[in-house]
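Data block below; observations after.
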Amino acid sequence: MYDMVVAGSSAPGLAKDISEQLGVQYSTAQVRRFPDGELHVELEDPVKDQEVIYVLRVSPHPNERLIEYMITTNLMNGLGAKRVTAVLPYLGYTRQDTQSHPREAVTVLTLMQILNQSGIDQLVSVDIHLHRLGLEDLQNLADFEVTEVTAIPEVAGVAAEGLDHPLILAPDVEATRWARDAAESLDTEYDVTEKHRVTPTEVEIKPKELDARGRDILIVDDIVSTGGTVVELANALSRQGAGEIHAAFTHPVFSTSDSISNIFDAGITELVSTNTIPSEFSVVNVTPIIAEALKG
Ligand code: R5P
């Protein structure tokens with residue numbers, strides 16, 4: 001049913017893989033930069049009356065990428081595309097989903113306005129950060145179909161290699177669904193700790209008494225950004241005498257230069273993520289998972 005997969009500037013490999021899995025034409029939205037920093041976008045092929053899949057990674061450089069996204073989707077609609085499905089494997093700007101201070105922006109609402117104005121028909125994304133807003137709430141805010149797929153069983157499967165019947169651990173209540181999925185696919189148990197974010201880079205993990213002594217642990221989460229969450233959790237686990245600790249997560253944001261070294265210094269010996277954002281730990285390719293969802 002699709003006619004072509006169009007790659008945004010940050011996702012040529014991913015878009016090519018998806019086009020091959022679906023057996024449809026691969027094309028590009030070529031992006032150049034004017035001397036003042038503004039973007040110039042030109043589609044390689046005509047899209048009139050075509051059913052188009054547009055693939056873009058919005059991290060790193062989320063602000064710049066969202067402008068590229070808007071320009072490209074508006075162009076596709078303006079040129080008469082019949083249907084536009086946006087594949088944004090990591091959906092940034094979803095973590096700020098409530099106000100902690102009275103004049104603070106709730107960016108997920110702005111993100112949904114941007115996506116609505118882009119005139120897409122469907123959004124496909126992997127392990128969306130949903131906390132106060134569930135998938136249904138997100139769908140209610142959207143003028144298009146929202147499709148979420150998960151890569152957690154795959155990352156957990158790889159990360160569990162070498163561990164002995166690990167306890168799966170979610171660092172906070174939002175990650176419960178991912179810990180449950182991982183535990184189910186590995187046929188083991190899961191537990192959830194309590195996290196409190198002090199600042200964007202600092203978290204406190206409630207040192208809940210877990211059944212961790214001598215036990216191998218697999219931490220499961222959607223995002224590792226500064227690494228603060230998994231570092232705090234690994235420290236608490238080490239104090240409780242846990243065995244080997246691995247971490248599996250979908251989106252390797254790694255927003256600070258010391259996030260990776262801090263994680264290893266905290267005693268985590270293995271990190272496994274997907275390629276929604278490229279990183280040295282992106283061993284799970286999300287293409288087959290996304291392609292399956294696109295086939296419907
Ligand atoms: C937040 O609730 C997410 O699920 C992650 O736990 C969080 O984004 C990780 O951020 P950081 O690595 O900076 O602690």
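Remember, it's a predicted structure, so these values are computed and weren't measured experimentally. Counting starts at 1 for both ligands and their atoms, following the listed order.
Contacts between His131 and ligand 1, counted as non-hydrogen atom pairs separated by less than 4.0 Å, are absent for every part of the residue. Counting heavy atoms closer than 4.0 Å to ligand 1, residue Thr226 contributes atoms from both its backbone and its side chain.
Where the criterion is an N or O separation shorter than 3.5 Å, residue side chain and backbone included, Gly227 meets it with respect to ligand 1.
Those atoms of ligand 1 that come under 4.0 Å of a heavy atom in Glu174, given as number and element, are 2 (O). Proximity to Val224 (heavy-atom distance under 4.0 Å) selects the following atoms of ligand 1: 12 (O). Taking a cut-off of under 4.0 Å to the non-hydrogen atoms of Lys195, the atoms of ligand 1 that pass are 1 (C), 2 (O), 5 (C), 6 (O), 7 (C). The Ile223 neighbourhood of ligand 1 comprises atoms 5 (C), 7 (C), 8 (O), 9 (C), with distances under 4.0 Å to a heavy atom of that residue.
The CD1 atom of Ile277 sits 9.0 Å away from the CZ atom of Phe254 when rounded to the nearest 0.5 Å.
Remark: among candidates Thr229, Asp127, Asp221, the nearest residue to atom 6 (O) of ligand 1 is Asp221, based on non-hydrogen atoms.
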How far apart are the C-alpha atoms of Thr110 and Tyr93, what are their side-chain angles, what is the distance that settles it, and do they pass the side-chain contact (heavy atoms from CB on, under 4.5 Å) test? CA-CA 9 Å; Thr110 307; Tyr93 275 118; over 6 Å; no
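In terms of heavy atoms, Asp216 sits closest to Gly162 at OD2-O, 4.4 Å.
Counting only distance, with no hydrogens or angles, the side chain of His131 and the backbone of Glu174 share no donor-acceptor pair below 3.5 Å.
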